[in-house]
Structures are given as C-alpha cells and as structure tokens.
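Have a look at the structure below before the remarks.
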Amino acid sequence: MSRFLILVDRLYKISDPNHQDYGLHLSKEFAFLSPLFALLTYCKFREVDDFARPHSNALDMFNQWLHAHSIDSGSVTLSSAQDWATFTVPVSQAEVMLNSEFHIYHHQTSGRRVIRTLEYSLPGLLTEYIDTIQPTTYFGSGTSENDIGNPLKKRRSGAQSSAASKSSLSSSGSAPNVSSCLFEDDFYLWTPACLSSLYHFDTYIPQATDQNALGVVSYAGDCQNMDDLQAFFKEYKPDAINSSFTVEIVNNGTYGTDCQGEGTLDVEHADSLSYPTPIVVYAVGGEPPFIPDSLSPDDTNEPYLDWVMYVLNQTNPPQTFSTSYADDEQSVPPDYAIRVCNSFAQLGARGVSLLFGSGDAGVGGGSCLSNDGTNQTRFQPLFPASCPFVTTVGGTVGFPEEASGVAPGSQFTTGGGFSNYFSRPSYQSSVVMQYLEAQGTLYPGLFNTSGRAYPDVAAQGNSLHTIEAAVVALLNDYLISEGRPPLGFLNPWLYEKGYQGLNDISNGSNPGCGTNGFTAGIGWDPLTGFGTPNFELLQTLL
Ligand SMILES: *[C@@H]1O[C@H](CO)[C@@H](O)[C@H](O)[C@H]1NC(C)=O
Ligand SMILES: *[C@@H]1O[C@H](CO)[C@@H](O)[C@H](O)[C@H]1NC(C)=O
Ligand SMILES: *[C@@H]1O[C@H](CO)[C@@H](O)[C@H](O)[C@H]1NC(C)=O
Ligand SMILES: *[C@@H]1O[C@H](CO)[C@@H](O)[C@H](O)[C@H]1NC(C)=O
Ligand SMILES: *[C@@H]1O[C@H](CO)[C@@H](O)[C@H](O)[C@H]1NC(C)=O
Ligand SMILES: *[C@@H]1O[C@H](CO)[C@@H](O)[C@H](O)[C@H]1NC(C)=O
Ligand SMILES: *[C@@H]1O[C@H](CO)[C@@H](O)[C@H](O)[C@H]1NC(C)=O
C-alpha cells in the first residue's frame, strides 16, 4: 500500500465517529495534543508530512536528475512534505530536461500568450515517481467558440441591501421563528440575525476564540472596504463594530482593504456569523493548468494547489475553511485535480474542515459539451466540489427552505451532481444508491452514476459555504472549549451521525444542460445533500 493510501486509511479512521481513533488528528510535525493523551497515542501519532513524503529513492532520483542538469538543489523550493518541487530554469534548459520543444502560443481572441510544449518526456526511472510537471502541455488559450465567460466563480454579492429587519429572535424549540425576516411577499431577507435564528445558533457564545479560527479563501484579488465592513456591522452586528480580519498573502496574491464599492459578502458573513471568532483571509495568486471548455474558454481557474501547499506548511492553520470557487471539473486537468484533492486529504488528517460551494448553475452551465473532442452533451460536475475529501454545500431559498432552482425568489440554481474523476467514497455509497434507485433510469449517459456525488449539506443563498463554515467553526469552538479535538474532515461523521442534526430539504430541482436537472427528495439528494444545519441539534450529536 502506498503511503498516500495509508494516509487515507488513517484519515477515514480518525474521521469516523464509531472508530476508537476518532478525533486523533495527525500533526504536521510530531506533537502531542495533550500530556494526558501522550502515552495512549504515542504509537498512533504520526506526522502528516511523513505519510505524504515520497520514498527516499524518489528524492534521490529527482536530485540526481537536477544534478545531471547542473541545477543547484538550493534553488529548489520543496513543499512541507517534500512532495512538490518548484524551480525556475530558462526555457532552453527545460527543453533539454524534458526532451521537448516549447513554443509561444498566442490566443487570438484574448491576446494571451503562453509558453507550452505539445509533449515531453522524462528519464525512464523518474517517470514512476513524478505525477505531473507544469507548465507543460495544458493550454489556457481558448479553443472553444463559445465565449460566454464563467458565471460560477463570480461571487454573488450585493443582494443584501440596507433594508434590515432588526430581530431579537430566540431559537428555542424546533421550528425557528423567522417571521420578522420576511421582507416582502415570500421573499426573506437573510440578515446575520435571521440566519442565526434559522439555523439555531443565535444563543451560542463562542468560548475558544484564542485557539479557534475561520479561514476564507480568496483567489480573485478581492477586496473588502473597511468602511463598508463597519457599516455592515453597524446595521447587522453592532457588537462586532471595530473588529476586523487578518490577511495572509499566498503566492503573491492580492487583497485590498481600501477598495471602492462592493466588498465581499463572504468576509462580512464569516465575521458577523461567527464573531468573535478570528477570521483569516487567504489571498492567493497564480494560474493553474487548464483545459478550456464552453463555460471557461480562458484560464479563470483557481490555483488550489498553491493554497493547499501553503496551508500544509503552517503549523496551526484555521480549523475551518470556506471557499466559494468552483471550476468545471473537465476544465481542470485530471492529474492536477487528483493532486489537489489528495492534498485536501492531508489537511483533513490534520483536523481541518474544508467547505466549498456546489456552484450556481444546476447540473451544468455553458453548452454542457464535453471538451475531449467528442462534443457529447453531459452534465458538468464542478471541482473542488467533486473531491471526496471536502464538504460541499448546496443552496436553498425561502422559508420553509427549498432547493434553490426554479422556485420563486431563487437567484441562482444549486449545483449538484456526480464526479467523472473521483469514484464514490464508501461513506456515501448507501444513501446515494438509495437516491439513484428511487430515481430509476433518469438521464442515462448524462452523468456518471459511479462518481463522488455532491453536495453533502446546504445553506441559504449567496454566501452558503461561508454560512455553513461559520456553523462548523462554532461547533469547533464548542469542542475546543471542552478540551476536545475539532471536527476535522466532516463527511464520515456527517453521513454516519451528523445528518440527524440537519433539516432535510425535500422540494426543488436544479435545471441545467437543457434538462430539469435532479429533483430533491426525502433524505440525501444531489441538490442539498442532507440539508441545512440545526446548530443546537448538531451540538447534541457531538
Ligand atoms: C514553510 O514555512 C517556513 C516558515 O514557517 C518557511 O521558512 C518556508 O519557506 C515554508 N516553505 C514553503 C515550501 O512554503
Ligand atoms: C415570532 O416573532 C414575532 C416577533 O418577531 C412575534 O410577533 C410572533 O408572535 C412570534 N411567533 C411565534 C409563533 O412565536
Ligand atoms: C470604534 O473605533 C472608533 C475609532 O477608534 C471609536 O471612535 C469608536 O468609539 C469605536 N466604537 C466602538 C463601538 O468600539
Ligand atoms: C512575487 O513577486 C515578486 C516581485 O514581483 C517576484 O520577485 C517573486 O518571484 C514573486 N513570487 C512568486 C511566488 O511568484
Ligand atoms: C466539436 O466542436 C468543435 C468546436 O465547435 C469543432 O471544432 C469540432 O469539429 C467538433 N468535433 C466533433 C467531433 O464534432
Ligand atoms: C465515471 O467515473 C469513474 C470514476 O468513478 C471514472 O473512472 C470514469 O472514467 C467516469 N466515466 C466517464 C465517462 O467520465
Ligand atoms: C414540499 O415537500 C413536502 C414533502 O415532500 C410536501 O408535503 C410539500 O407539499 C412540498 N411543498 C411544496 C411547496 O412543494
């Protein structure tokens, strides 16, 4: 068994509430959680880096290769687990090292120029150790005729206006009283106070804010106007006035705090829902490899690998992360997607919960044509939503909540579906099989019935992944304040136990690709997963 499979095996054990090792997260470097556990866990505790570290043969071969090409190993940056190396060489040298010929390719429409090669090769002994080299053969130049841009990754913001309904609701009992959140007709205005009533965390007071934190990941050079943030607090969360967030710059990312106009709703939600839990914004720069399709003719994909490598190198990253970005899975080269997803598993083993949005275009946006040259119509799953090691959040609308889609008041359509890259993990196999059996032979050939199915859970509206992440951060706060480990990789717990603390959403559909999409139902479905959180119930299940 490869070390990575051993790590995944370990990840599933420590994330399974019925396993004796539940919660025994691994540390980056060897460290005991507490002296009390030290003896007990001595034999079980290992470093994550240890599992991910390549065999010494691999590093030897790699170093010999560098040496043979007179590259000083001091100029090579290795990732924390030494499983990813970054170095700069002239194109002429890359051509020699990869036995290839690089050219400058010019994309006519966008004017973008990229340096790529059509093929490359490595010395035979090295190939078995190297997963991927970039930039090499993946192009960011559009080969698709359908230049419609990518609405999925554009954060929806500005929906919440100043029309606040001041509420002092309490969340006793099972049905939340959100009558004061009704804005007009059947349109609800989900202010922070209304969301905390809806999901039953309005009476919870965070205790572990010296240890717990919530991370918000930004790839697009976003910004948050400080005056806007304070105005938001003044209107919706007066006790948070004058609080702020910290920014970590990753890979030369940009994040401004003196921008004009709309800030990002994610930070406002993260801050006001989990206050006074510290918020850390990760501003990530870089361009990942990419395969164009109709939805993303140009490379607007996110450099997830740069982010995850950075966080894996941190000793104490935030316990919970919210990320709103999603790309068509087929536009992400499979080796890159697998590499990123496996790195998310490493973070999960460290006790970090990762929440991603499921997208806002139903079962697929764009033309839904496959980009492998055959032009077949297929539902288009999104990545990282499709990675089995993250928790994916679908969208709801209104009250009582429905899957966001064709329902009145729906501003977007919840993404949901089945991966073509990642097979279905065992934690979800029985509920997904139940769903598929209940549907009969729906949409044959349009989606992959053996793939990882998503979303896992759901929340209201625009900033749904951040709302869900805030709830998880508060659950982690509760656990940490009790001296217990945080939730870590959520899904095995969610599918075994946590689902009982979620409100099942059984109405709605998510049209796309010229179909009505999937239909919500009783239990898990590929629109809202198991449903939306009830903090108080989830707390009792811990
Ligand atoms: C890891 O972090 C240390 C300091 O915390 C830094 O010196 C080092 O460059 C980082 N390594 C990578 C690969 O980012
Ligand atoms: C719900 O709250 C409103 C005030 O916001 C109150 O007038 C109403 O009586 C409450 N309804 C119930 C059923 O408690
Ligand atoms: C916020 O900071 C400003 C400027 O320092 C200060 O005048 C104001 O009193 C503070 N408000 C609160 C609620 O702490
Ligand atoms: C960041 O920008 C600086 C200055 O432009 C440059 O020297 C450096 O190589 C960049 N780092 C990365 C990781 O791109
Ligand atoms: C697929 O679509 C592209 C772009 O319209 C076209 O160039 C190509 O010929 C099509 N391929 C097939 C097999 O139809
Ligand atoms: C369906 O998903 C599996 C992984 O579960 C994958 O191996 C297979 O290639 C996928 N099929 C298609 C047509 O993408
Ligand atoms: C939603 O689903 C429930 C249970 O399946 C059903 O009783 C109810 O009538 C549905 N509501 C709407 C608006 O379709």
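As the structure lists them, so they are numbered: ligands from 1, and atoms in each ligand from 1. Only this structure's heavy atoms are used, side chains among them; waters, hydrogens and symmetry mates stay out.
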Show which atoms of ligand 2 fall inside a sub-4.0 Å distance from at least one heavy-atom site of [X].
| X | value |
| --- | --- |
| Ser180 | 5 (O) |
| Asn177 | 1 (C), 2 (O), 3 (C), 8 (C), 10 (C), 11 (N), 12 (C), 14 (O) |
| Ser179 | 1 (C), 2 (O), 3 (C) |

Fill in: Closest approach of any protein heavy atom to atom 3 (C) of ligand 1, naming residue and atom
Asn313 ND2, 3.6 Å
Worksheet item: Among protein heavy atoms, which sits nearest to atom 13 (C) of ligand 1, and what does the distance come to when rounded to 0.1 Å?
Response: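 Closest protein heavy atom to atom 13 (C) of ligand 1: Leu78 O, 3.1 Å.
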Worksheet entry | Heavy-atom protein neighbour under 4.0 angstrom from atom 5 (O) of ligand 1 |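 Given the 4.0 Å limit, the answer for atom 5 (O) of ligand 1 is no, no protein heavy atom qualifies.
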Discussion item. Name the residue from Val217, Asp222, Val267 that meets the side chain to side chain contact (heavy atoms under 4.5 Å, CB included) definition with Val281.
Written reply: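 That would be Val267; it is the only one of Val217, Asp222, Val267 passing the side chain to side chain contact (heavy atoms under 4.5 Å, CB included) with Val281.
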Determine whether the aromatic ring centres of residues [Y] and [X] are separated by less than 6.0 angstrom.
| X | Y | value |
| --- | --- | --- |
| Tyr304 | Tyr219 | yes |
| Phe344 | Phe489 | no |
| Phe383 | Tyr421 | no |

Item to complete: Answer yes if the side chains of Arg378 and Asn420 hold a donor-acceptor pair under 3.5 Å, and no otherwise.
Response: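 Per modelled atom types, Arg378 and Asn420 side chains form a pair under 3.5 Å.
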Fill in: Distance-only N or O hit between ligand 5 and Thr374, under 3.5 Å
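No, since none of the N or O atoms of Thr374 sits under 3.5 Å from an N or O of ligand 5.
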Worksheet item: Counting each atom of ligand 5 from 1 as listed, which ones have a heavy atom of Gly373 under 4.0 Å away?
Response: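 This gives 11 (N), 12 (C), 13 (C) as the contact atoms.
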Practice prompt. Test Phe379 against Phe418 for ring pair (Phe, Tyr, Trp, His ring centres under 6.0 Å), laying out the working first.
Written response: CA-CA 8 Å; Phe379 289 172; Phe418 295 76; 8.9 Å; no
